[in-house]
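Only one structure is covered here, and it is reproduced in the block below.
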Amino acid sequence: MHPIYEGKAKRLWETSDPMTLRMEFKNDATAFNGEKKASFENKGRLNNEISTLIYEYLGKTGIPTHFVRKIDDTNVEVKRVEIVMVEVIVRNVAAGSFCKRTGMEEGKAFSQPIIEFSYKSDELGDPLINDDYIREMGLATPEDLVFLRKSALQVNEILSGFFAEVGLKLVDFKLEFGRLASDPSQIVLADEISPDGCRLWDLKTGEKMDKDRFRRDLGNVMEAYEEVLGRLKARLAKETA
Ligand code: TMP
């Protein structure tokens with residue numbers, strides 16, 4: 001068997017149901033558009049657990065997603081979608097490429113969230129694009145973009161609150177969306193949501209608890225992911241108690 005898609009951190013597999021796929025989380029990590037590579041024991045499991053927990057939480061708040069269920073440590077069942085080739089980035093605090101592009105210092109909190117789009121293309125290094133590019137490239141319609149923006153801001157509200165409750169600042173994150181194979185008129189949240197695609201800073205210490213630990217060689221990468229998972233689990237355990 002071959003995966004129908006293999007990305008830098010995940011594989012997608014067909015199942016007996018043509019409308020359903022299995023998404024497998026790998027232990028591989030990359031940064032700077034694949035230039036820097038490593039593999040971390042347990043990364044697949046940790047990201048799967050964190051992503052599952054977040055998707056279940058978002059599902060409860062009514063956000064439509066591709067998520068169906070967790071299968072095992074490193075696999076989830078998801079609805080088959082055609083990925084919209086636009087990465088939607090939400091920023092609450094200046095960091096990463098925003099600082100590089102603007103010269104602004106890391107850590108400045110924005111008065112309002114910034115939404116940014118990039119073209120999902122490894123070959124081109126995910127370049128920044130805007131609404132006009134997206135329309136002319138035929139990646140999404142202006143109506144789709146209204147929906148993507150609105151959804152991303154909603155997810156930001158929900159997840160900023162969720163992470164704040166466990167002492168983490170949601171600095172920025174990347175979302176992907178897809179059109180349901182069973183009904184392409186419906187766009188849902190897709191891909192994973194994990195410390196690979198989010199910046200999370202400890203509210204008390206400012207410590208980075210995300211993939212920046214790998215990007216910047218800060219060490220204890222999986223320890224940070226484990227800590228994020230532990231806090232989220234403890235928060236959810238309180239809810240059900
Ligand atoms: P950036 O500051 O490097 O543009 O990243 C913004 C956020 O998006 C950060 O939380 C990491 C995430 N991200 C991805 O998930 N995948 C990517 O390819 C890039 C460039 C960023």
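In this text the structure is predicted, and so the values were computed from the model without any measurement. The figures that follow rest on heavy atoms only: side chains count, while hydrogens, waters and symmetry mates do not.
Using a 4.5 Å cut-off between side-chain heavy atoms of Ile, Leu, Val, Met, Phe, Trp and Tyr, with links allowed through other members, V93 and L168 fall into different hydrophobic clusters. The hydrophobic cluster containing L170 also contains L175, counting ILVMFWY residues as joined when their side-chain heavy atoms lie under 4.5 angstrom apart, directly or transitively. No continuous path of hydrophobic side-chain contacts links I89 to I187 [ILVMFWY only; heavy atoms under 4.5 Å]. Hydrophobic clustering of Ile, Leu, Val, Met, Phe, Trp and Tyr side chains at less than 4.5 Å, counting indirect connections, keeps V68 apart from V81. Transitive grouping of hydrophobic side chains (ILVMFWY, heavy atoms separated by less than 4.5 Å) keeps M23 and W13 in distinct clusters.
Formation of a donor-acceptor pair under 3.5 Å by the N27 side chain with backbone atoms of S39 is not found in this model. Remark: the backbone N or O of R199 is not paired with any side-chain donor or acceptor of D212 at under 3.5 angstrom. Judged purely by atom type and a 3.5 angstrom limit, R11 has no side-chain atom pairing as donor or acceptor with the backbone of K26. In terms of modelled atom types and a separation under 3.5 Å, the side chain of D73 and the main chain of R45 share no donor-acceptor contact. No donor-acceptor pair closer than 3.5 Å links the side chain of Y119 to the backbone N or O of I134. Under the 3.5 Å distance criterion, the side-chain polar atoms of K43 are matched with a main-chain donor or acceptor of D28. Remark: the backbone N or O of V188 is not paired with any side-chain donor or acceptor of H66 at under 3.5 angstrom. Without hydrogens or angle criteria, R213 side chain to G219 main chain gives a donor-acceptor distance under 3.5 Å. A donor-acceptor pair under 3.5 Å links the side-chain atoms of N33 to the main chain of D122, judged by distance alone. Distance alone, capped at 3.5 Å, is enough to place a donor-acceptor pair between the D144 side chain and the T141 backbone.
Expressed to the nearest 0.5 Å, how far OH of Y55 lies from NZ of K70 amounts to 15.5 Å. Remark: I115 CD1 to L148 CG distance equals 9.0 Å, nearest 0.5 Å. Rounded to the nearest 0.5 angstrom, F110 CZ and M104 CE are separated by 5.0 Å. Between atom OG1 of residue T61 and atom CD1 of residue I158 there is a gap of 3.5 Å, rounded to the nearest 0.5 Å. To the nearest 0.5 Å, atoms CG (N48) and CG (D72) are separated by 7.5 Å. With rounding to the nearest 0.5 angstrom, the CZ atom of R91 is 8.0 Å from the SG atom of C99.
Counting heavy atoms from C-beta outward, P195 and I50 have side chains that approach closer than 4.5 Å. When side chains are defined from C-beta on, K10 does not count as touching N47, because their heavy atoms never get closer than 4.5 Å. Counting heavy atoms from C-beta on, the side chains of P113 and N92 come closer than 4.5 Å. Taking the side chain as every heavy atom from C-beta outward, S51 and F25 approach each other to under 4.5 Å. The closest side-chain heavy-atom distance from L189 to L58 is below 4.5 Å. Two residues are said to be in side-chain contact when any heavy atoms from C-beta on lie closer than 4.5 Å; I63 and S151 fail this criterion. Using a 4.5 Å heavy-atom cutoff, the side chains of L145 and F117 are in contact.
For K36 and F214, the positive end sits near the middle of the six-membered ring, less than 6.0 Å away and at most 45° from its axis.
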Query raised in the report: Would S160 and N156 satisfy side chain to side chain donor-acceptor pair (under 3.5 Å), going step by step from the backbone distance to the final call?
Result: CA-CA 6 Å; S160 290; N156 185 43; 3.2 Å; yes
Requested in this report: Would you sort out whether R235 and E239 count as a salt bridge (Lys or Arg N to Asp or Glu O under 4.0 Å), showing the intermediate values?
Outcome: CA-CA 7 Å; R235 154 73 178 73; E239 201 164 83; 3.0 Å; yes
**Report entry** Candidate pair E116 and R101, rule salt bridge (Lys or Arg N to Asp or Glu O under 4.0 Å), full reasoning
**Finding:** CA-CA 13 Å; E116 194 178 287; R101 202 173 297 121; 3.8 Å; yes
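A ring-centre distance under 6.0 Å is not found for F163 and F173. Between Y57 and F162, the gap from one ring centroid to the other is short of 6.0 Å.
With respect to the salt-bridge test (charged N to carboxylate O, under 4.0 angstrom), the residues K208 and E106 qualify. A salt bridge links R149 with D131: the distance from a Lys NZ or Arg NE/NH1/NH2 to an Asp or Glu carboxylate oxygen falls below 4.0 Å. Ionic pairing of D202 and R231 is present here: one or more N-O contacts between side-chain nitrogen and carboxylate oxygen are shorter than 4.0 angstrom. Look at R179 and E82 and you find no salt bridge, because none of the NZ, NE, NH1 or NH2 atoms lies under 4.0 Å from a carboxylate O.
When the shell of 6.0 Å around CD of E157 is examined, it contains 12 or fewer heavy atoms from other residues, nucleotides or ligands. Other residues, nucleotides and ligands contribute over 12 non-hydrogen atoms within 6.0 Å of the NZ atom of K8. Around atom OH of Y133, no more than 12 heavy atoms belonging to other residues, nucleotides or ligands sit under 6.0 Å away. Under a cut-off of 6.0 angstrom, the local environment of CD in E223 is crowded, with over 12 non-hydrogen atoms contributed by other residues, nucleotides or ligands.
T15 and R80 share no donor-acceptor pair across their side chains, judged by distance under 3.5 Å alone.
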